[in-house]
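Single-structure report; data block below.
Here is the naming used below: chain letters follow the sequence lines, and residue numbers restart at 1 for every chain.
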Amino acid sequence: MIKAILIFNNHGKPRLIRFYQYFAEDMQQQIIRETFHLVSKRDDNVCNFLEGGSLIGGSDYKLIYRHYATLYFVFCVDSSESELGILDLIQVFVETLDKCFENVCELDLIFHMDKVHYILQEVVMGGMVLETNMNEIVAQVELQNRMEKSEGGLSAAPARAVSAVKNMNLPEIPRNINIGDINIKVPNLSPF
Amino acid sequence: MSDVVEKTLTALPSLLSLDPQPGAGKLSATSKLGNLIRSVTELTSKHEEEKLIKKELSALKEQVSSPNTTLRQMKEIMVRAMYCEMLGYEASFSYIHAIKLAQQGSGLEKRVGYLAVSLFLNESHDLLLLLVNTVLKDLQSTNLIEVCMALTVVSQIFPKDMIPAVLPLVEDKLTHSKEIIRRKAVLALYKFYLIAPNQVQHIHDKFRKALCDKDPGVMTASLHIYLQMIKESPDSFKELTASLVAILKQVVGGKLPVEFNYHSVPAPWLQIQLLRMLALLGKEDQSVSELMYEVLDESLRRAEINHNITYAILYECVKTIYTIHPKSELLEKAAKCIGKFVLSPKINLKYLGLKALTYVVQQDPNLALQHQMTIIECLDHPDPIIKRETLELLYRITNGQNVSVIVQKMLDFLRQSKDEHTTIDLIKVKEEYLVVMVWVLVELRSILFLYTSTYAPDNVWFIQTMNTVFSLGGDVMQSEIPNSFLRLLAEGFDSAEEDTQLRLNAVDSYLALLQTDTSLLPQRFLQVISWVLGEFSFLKVGLEPSLVLAQLARLLEQGRITMETRSWILGAMCKLCGGAACVGVAGEVAGSDEALKDRVLPQNASWDGLEVDSSLSFLDGFVSDALAQGAAPYKPPHQRQEELSQEKVLHFEPYSLSMPISLSTCSLTDRQSPTGFSLSSGLSGNSAELSHKGGSGLLKMEGVQRVWGKEGYLPQKEATEEVPAVPILPPVPSQQQGGAVSVQADVPSHAPVAAQASELEQERRQLASSLFVGLGLQNEPCLMGKPDVAPQRFRRKARLQEPAGGSDKLSDSSYSSHSTVDSLLDSSPAPLVEDELSAASRLGEGLTTLGPLEDGPNTCDPEDTLGYQAGDEGEDDPPEASDGAAEPGRQASPCLPTELLELPHSELLSLASDHSLALSAWKVCGQEALELRLLIRNSSDSSLQGVSVQLTSDQLKVLDGANRAIPSVGGLGTVTSQYSVVMEMPLVQAMVGGAVTYRGQSESANELQFSVGLPLTDFLRPLLLSTEDYGKLWLSFSHDVKQNLQLLPDKEDPFSATLNVLKEELRLHLVEIIGTEGIMACQLLPGHPCLLHCHAHTGTLTVWLRSSVPDLPDCLLYHCQRVLQER
C-alpha cells in the first residue's frame, strides 16, 4: 500500500502532500522535512530507492522517488509494493500531469494544487493503485473538467495561468519540469 | 532530457515577458491564491512566513463566517486553506465549511469540498459524521461524477462505525454498468475490508464476482482484496491458484486489449500483483506450485524487452520462483535472471539484484560466488544504500573463515558513516550494524570452537574488534549490545580453558587501554571495562587489585562520567575490594572466617547457576501467619486496579498503565533480542525457513547431514586444501586478467597501464577470495543462516536463572553472581547497582550478617516474583461447579483410580496444610494433558463447608475450568479434584498456584494457598514419526538451538546409552540411530513438536534442537543437560 505521496521542490517547499495513513499535522510536517532531508542529499546517479527512514512504518517502508528538474516526487510505500512498479507509476503520473497541463512546470503544481489532487485521485485511490493507463486517467479528468466548463467555471488554460503570474516577480524562476517526448521510451528519464 | 529542459528554459522568459492580460479579472480567484503564493515565495525567513500565513488565516476565517460568502468564493477559500494546511498551518475553522461545501455545493464546489474534507480530516474525526448523509445522497445520485466523488471520499476516509450505513449502496455499485464505478466500488470495499474486515465478511462472493468481471480493470482492482486475504490465510484460497494462473497466462499471452499495455508490456502491474499472489499460494505447497511452473516459465521468457517495467516483472518472477516449491529448471533460469540484475549498469537494477541475492543466497551460496566480483565492487559503491544492501548480503554469507574480512568491511562502513553523523538514517543504519556485528561476533565466537582451524579468528582479534566496535559505536549503542558481550564473557563456553583465556585477554586489553587517554571512550565502553575488570581481573596472576582500583578511581575523577557509568565503576571497585587482597574493614572482618568470605564473595562465580525460589516458599509461614491474623491476601496491582474499575470508583489517573509497563520492560530486558535485526528486510525476512528449499525432498536429509556430517568437522584438512583453490572466479574478469597479462608480455609500452588495472583487479580478487572462502564448498554450514540463533542462545542462559527449584537454595547464591545478574538482565543497571552498593556498604559494617542474601530473590529476579504473585484473571471469575470431577470422600486411603494408575505418575506430593486441611497431589502423565489430581483431606473432626478450589497459573493453561466448588468435606474425609493442564508457552519450569477456600466450624472463611512446580518434562510426550516425516518436519521448523553435552560413560556404546537415558527421562521418541547420529522427537502438550538431532563426537554429544515454537528448544535443552548431569 502507498502510505503517502509527497511532492516538493529542490528547496523542500511542499507542492503536494497526500497521506493515505493518518498522521498528526506536526508529524506530517516532520515526515516531509525528514524525507526532503534524505532525498535531497542523494546524487542523481544513485538508486531511486531509500530505506531506513524512521517516521512512517519503520523498517517495512521504503521511499521511492524521482527527481524532475525542480521537483521531487516521493512515494512512501510498504513492502507490498513493487519498487520498479512504483517507479514507473511516478512516471505515469508525471506524464499525465504533463498531458493535462501541457508542458507541466512547478508553477502549474502551485497554482492548480486542487487539479493535481484530482488527477492523483484517478491514479491512486485510498493508497491503492487505481489506474495506470494514462489515456484512461486523462479521460476521467477531462470528464470532470467538462463539468467545470459546462458550469461556466474557471476554465483557465494552463498557459494563461502562467502568463497571469508572469509579473509576480518570483525570486527563483521555477524551471519547467517538462518530461520530454512521451513516445520516446524515456531512456534519459530513468537514471538507473 | 536536459536538452528539453534547456529548450523550455529558454522559452520561459519570453513567456513571462508577455504583456499582462487585462482580462485577468476572470482569474480573480486564482490571483488571490496567486497573491498568497507570491508573498510566501518572496519571504526569506520561516518567521515571516508564519506571520503572513497567520494573517491570511485570520482573513480566511473572517470570510468563511461572513454570511455573504457565496459557494464559489467558498471554493476558492478552501483551496487557500488547503495551501496553508500543506505548509503546516492548521486551518481548523474551515473544516466544517469544507463539509458544508460538499453538502450544499454542486459539481465543482462539491468536488473541492470533498477534496478538502479528505485532506483535512482523519478517520476518527468527529466532524466526519456530518458527511455521512452527503455521501449517502451522492451514492444514490444519477450523476456519475458525483457517485465517483462519493466513492473516492469513502475509500479515502470514512468513519468505521458508519460503514454499515453505506455498505449496501457501495455493494450495489458492484453491478453498475460503468466499469469505473465498479472499479472504485471494489476499492472502496477493499478499504472497508482493511479497517473492518468482519463488516464485509458476507460479501466474499461478490468479491469473487468482481474477480470474474468482464472488465480487466475491475478484476485488477479486486486483486487488491485477494492479495490481502491470501496474505492473511493462504490455505483458504488454494483453489484460486488455477484461476490466477489462467489469468496470468492470458495477460502474458497478450490477450488483453491494447490499452492495457504499458510500453508494449501487457498490464505489467497486474502481472506483478498476480505473481505476488502465486508466491504466497505456492509457498511450501508442492501440488499448488506445480500448477504455476509453466506460466512462470512463460513470464520469464516473455519479459525480454529492455524496459524498466519488464525488470519489475522479472524481479517478481524470480522471487516467486524462489519462494514456491523449487523446480530446478526454473531455479536455473531465475539464477540467470538475477545475474542480469546484478551485472546491470543501471543502479536500480543492481540494487534489486543484491536484494534478490540476499533472498536466495542461503539456498544457493554458489550464486554469491558467481557474482563475487560484482559484490566486491558494490562494497565500494558511492551510494550508501547499495553499500548497505551489500553488507547485508555479506552478513548472510558470513562463516568462520571469512568473518574477519567481513567484519573489517563493516567496521570501515561504520567509520565512514561516523563522519556524516548528521543524517538520521545513517545513525540508524549504524545502530543496526552495531547490533548485527556484535551478534555476528558473539555468535561466531561460540561456534568457532567447533572449528579450530587456523582461519578462525583468535581471542585477541575478537577482543580488539570488540574494542573498536565499542569505541566507534559511541553512546548511540543500546545497552543490549554491551550486555550481550558481557554475557558471552560471563557465560563462557564448554571449554573452561578457552573461557579463561578470553577473559584474561579482555582484562589485559582493558588494562592497557586504561593506561592511555580514556577521556574519549564512550560511556558504554567504560561500563564494559569496569565490569570486566571487577569481575575477572583476579585471573591475571600477579596483578594487584589495588592497581586496578587506582585505575578505576582515576576514571571516576573524570568530569564527563555519567551517573550510570559511575555506578558501574563503583560496583567494580566493590568487587575488587572483596578480592583476596581486600582493603579496609571488609578484609579484617571476613579474613577471620574464610568459609563465610567464600560464600559472600566467591571468585569467578559470576555465572554459577543461581537458583531462585520464585514461589518465595520460604515466606509461606510468614504469609499464613499474617493471613491468620486477618491480613488481606495479596493481590497484584493490576488486579487491584481492575477491581477498582469494576467498583466504578473514580479514576484519578488517566491511564492505569504503571503495572503492565513495568512487567513488559522486565520481560524485554530479559529477552535480549537484538532488535536491530529489522535490518533484514521483508524480502529476506523469511529466508530462514527457506534456507533448505534448494533441494528436493530427498536432498533435504542430506542438507541436515551436511551440517553434522563428517565434512563439517574436518575443516582443518579441507581448509588447507581449499585455500589455493578458492578463487572460483567469474569468467569475465578472469579473461580480462588473462588479457592483461598477455598484453604485458607482448607490448611492453602498454604494460604499466595494464599492470595497474590488473593490480586493482588482483586486489579485488584477493578480497573476493577472502570474502567468499568457505562458501559453496559445503565444508561448513553457513553460520549466519539463522538470525534467531543468537537470541535464543541467550534466552536459554537467562532461563537458567529462573527455574524455581522449589527448594530454598538461596544460600548458594552469591554476592558476585547476584550482581552479575543485575547488570546483565537489566537495561538500566543504576538502581540495581545501587542495591549492590548498599549491599557493599553493609559488608563494610560487618560481614557477619547475610543482609544482601536476604534481598537476593527480590532484587535478582523481579519477573519471577511478579509472575508468581500476579494472579490470573481467573481469580475474579465466579467459581463454577465442576463437571463431576470432585468425588467427595470416596476413598479412605489415597490412591489413584485404576485408569490413571496405568499411566506414568508421580508419588503423592504434599502441597500445603493448615489446622484443618491437608493438600496433596499426584501428577499423572495423561495422553492429552498433564493430569493434576488434588487430594484434599480434612484433618479435623468437623465437616468443612463451601469448599472451593481455585487454580491459577499465568504460565500454564488449565483445560477444564480452574475453579471448582465442592459442597462439603466430612470430618476426616477426603475429596479429589482433577485438572488437566497443558503448557502452551514453553518454560523450563512452570508454577501452578492455587487456593482452597472453605468455611470451618466457626463459619469463618479460611484460605489455604498452595503451589506446584511443574517442569517442562511433565508435559513432554513421545512424538511417533518416521525418519522421512522427521526430515520434512525438520526443515519446516525455524527455531533451533545447538549445544555440546557430555556423553554418559558406558563401556559398550556410550552414544546409544546416552540417547536411551534421554529417551527414558524426557519421554522422547527415538526415531532412528544411524551410526554416530541419532534423531529423536517429542511433543510438548498441547502438541508443539520438537525434534532433536544428536551427534556423537569424541566424548561429546552435540545436540541440535528444532521446533516450531520459539522457546521450546532452549527449554528442552536445559532438561537434556540436567538429565545428563544428574547421571
Side-chain angles (χ1 to χ4, degrees), chain A residues 14 17 22 25 29 34 38 41 46-54 59-60 69 79 82-85 87-88 103 110-111 113-114 117 121 125-126 128-130 132-133 135 140 144 147-148 151 153-154 156 161-168 170-171 173 175-176 178 180 185 188-190 192, chain B residues 1 4-5 8-9 12 15-16 18 20-21 24 27 29-30 34 37-38 41-42 79 82-83 86-88 90 107-108 112 115 122-123 145 152 155-156 184 187 190-191 224 259 262-263 269 272 307-309 311-312 315-316 346-349 351-352 383 385-386 424-425 428-429 678 681-682:
Chain A
I17 303 299
Y22 171 66
E25 181 73 15
Q29 291 300 320
E34 190 196 290
L38 289 174
K41 285 207 152 176
V46 297
C47 70
N48 298 43
F49 315 118
L50 256 175
E51 286 172 74
S54 54
S59 63
D60 188 39
S79 62
S82 149
E83 289 92 343
L84 290 176
L87 210 51
D88 267 51
N103 282 342
I110 301 173
F111 289 107
M113 195 180 68
D114 47 342
H117 270 294
Q121 273 178 3
M125 183 167 146
M128 270 76 65
V129 180
L130 175 70
T132 50
N133 183 340
N135 295 329
Q140 279 301 319
Q144 295 179 9
M147 170 178 80
E148 188 169 355
E151 281 177 29
L154 315 160
V162 173
S163 60
V165 292
K166 64 190 183 269
N167 52 347
M168 271 188 177
L170 297 177
I173 300 169
R175 281 177 295 155
N176 199 312
N178 191 308
K185 274 187 201 137
N188 41 9
L189 279 178
S190 29
F192 291 106
Chain B
M1 159 156 181
V4 180
V5 174
T8 44
L9 272 181
L12 202 55
L15 194 78
L16 289 180
L18 276 179
Q21 283 207 341
L27 280 174
T30 316
I37 294 167
R38 175 174 49 183
T41 327
E42 277 170 354
V79 177
M82 283 193 272
Y83 186 77
M86 181 174 74
L87 292 179
E90 195 182 301
L108 289 177
V112 174
L115 176 65
N122 62 66
E123 269 151 10
I145 294 175
T152 305
S155 77
Q156 217 83 272
K184 289 194 172 181
L187 281 187
Y190 172 58
K191 184 73 180 189
H224 284 294
E259 58 262 31
Y262 174 77
H263 291 276
W269 285 277
I272 292 170
H307 183 269
N308 186 7
I309 202 73
Y311 281 107
Y315 180 69
E316 279 325 309
K346 294 181 177 177
I347 190 161
N348 282 344
L349 299 187
Y351 168 83
L352 288 176
D383 185 354
I385 298 290
I386 296 275
I424 312 156
D425 62 324
K428 268 203 63 125
V429 171
S678 59
S681 54

Of the non-hydrogen atoms in [X] and [Y], which two are nearest, and what is the gap between them?
| X | Y | result |
| --- | --- | --- |
| Ile272(B) | Gly85(A) | CD1-CA, 4.3 Å |
| Met125(A) | Lys184(B) | CE-O, 3.3 Å |
| Leu187(B) | Val129(A) | CD1-O, 4.4 Å |

What's the separation between atom [atom1] in [X] and atom [atom2] in [Y], rounded to the nearest 0.5 Å?
| X | Y | atom1 | atom2 | result |
| --- | --- | --- | --- | --- |
| Leu84(A) | Leu352(B) | CG | CG | 4.5 Å |
| Met82(B) | Ile17(A) | CE | CD1 | 13.5 Å |
| Glu316(B) | Glu83(A) | CD | CD | 7.5 Å |

Less than 4.5 Å apart, any side-chain heavy atom of [X] and any of [Y]?
| X | Y | answer |
| --- | --- | --- |
| Asp88(A) | Tyr262(B) | yes |
| Gln121(A) | Gln156(B) | yes |
| Asn135(A) | Glu259(B) | no |

inquiry  = At a 4.5 Å cut-off on heavy atoms, which part of Tyr83(B) comes close to chain A: side chain, backbone, both, or neither?
reply    =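 Its backbone and side chain both get close to chain A.
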ask   = Which bit of Leu87(B) comes within less than 4.5 Å of chain A, counting heavy atoms only: side chain, backbone, both or neither?
value =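 Both backbone and side chain of Leu87(B) come within 4.5 Å of chain A.
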inquiry  = Would the distance check show the side chain of His117(A) and the main-chain N or O of Val112(B) forming a donor-acceptor pair, the cut-off being under 3.5 Å?
reply    =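 Judged by distance alone, no pair lies under 3.5 Å.
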request  = Any chance you could lay out the side-chain contact (heavy atoms from CB on, under 4.5 Å) test for Ile385(B) and Leu50(A), step after step, and finish with the verdict?
outcome  = CA-CA 7 Å; Ile385(B) 298 290; Leu50(A) 256 175; 3.5 Å; yes
